[in-house]
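For reference, the structure is listed below as structure tokens.
Note that the coordinates shown come from a computational prediction; the quantities given were computed from them, not determined experimentally. This chain uses plain numbering: 1 for the first residue, then up along the sequence.
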Amino acid sequence: MTMKSKIPGLINFTKAAKLLGCSRPTVYKHIDKGRLHPVEIDGDRFLLINEVEQLKEQRGLPVAEAEAAAAGARTGLLDPLELAKKAIE
């Protein structure tokens, strides 16, 4: 693990996707739409954890629920349609 990945308040796109309960391409869509703003350090891009958490709250998905949804999606325990319904509620 590099020092850049340990900078407080910054996370990589993969971790942001897990927190949001979405895929990395969806994280890129949030960036394209101006909802997230990457920070570049030595050629690598990161996201502010506070901004990711704020987006998650705006989407109405609490932190614990987003993490559980992401875990369920990876293990196949939750129905993808049910996940989508929770994301838009």
Side-chain angles (χ1 to χ4, degrees):
M1 195 174 274
T2 66
M3 285 301 291
K4 287 186 283 189
S5 63
K6 294 182 180 181
I7 297 173
L10 297 179
I11 58 173
N12 64 31
F13 290 13
T14 301
K15 289 182 182 178
K18 287 180 183 179
L19 281 174
L20 291 169
C22 66
S23 65
R24 284 185 62 216
T26 300
V27 170
Y28 286 101
K29 288 178 186 176
H30 287 305
I31 292 168
D32 291 342
K33 293 183 179 194
R35 296 179 189 136
L36 294 173
H37 305 90
V39 176
E40 189 168 330
I41 301 174
D42 294 333
D44 292 324
R45 297 190 327 157
F46 299 92
L47 294 167
L48 296 167
I49 185 80
N50 293 341
E51 196 172 61
V52 173
E53 289 174 348
Q54 183 179 11
L55 177 61
K56 182 174 22 186
E57 288 175 17
Q58 289 172 353
R59 293 177 61 216
L61 195 59
V63 176
E65 189 175 330
E67 290 171 351
R74 285 191 303 276
T75 61
L77 297 176
L78 298 177
D79 179 13
L81 183 57
E82 195 63 34
L83 290 174
K85 287 179 185 177
K86 287 182 181 182
I88 59 173
E89 289 178 347

| SG-NZ distance between Cys22 and Lys56, expressed to the nearest 0.5 angstrom | 10.5 Å
| Can you list the steps and then say if His30 with Leu55 is a side chain to side chain contact (heavy atoms under 4.5 Å, CB included)? | CA-CA 9 Å; His30 287 305; Leu55 177 61; 3.7 Å; yes
| request: Taking the side chain as every heavy atom from C-beta outward, state whether Leu19 and Ile49 have any pair of such atoms under 4.5 Å apart. | output: yes
| field | The single option from Leu10, Val27, Asn12 passing side chain to side chain contact (heavy atoms under 4.5 Å, CB included) against Leu47 | value | Val27
| field | Between CZ on residue Phe46 and CD1 on residue Ile11, distance to nearest 0.5 Å | value | 10.5 Å
| note | With sequence neighbours left out, the residues meeting side-chain contact (heavy atoms from CB on, under 4.5 Å) with Arg24 are Phe13, Thr14, Ala17, Tyr28
| request: Calculate, to the nearest 0.5 Å, the distance between atoms CD and CZ belonging to Gln58 and Arg35 respectively. | output: 9.0 Å
| request: Using atom types as modelled and distance alone, determine if a side-chain donor or acceptor of Arg59 lies under 3.5 Å from a backbone N or O of Leu20. | output: yes
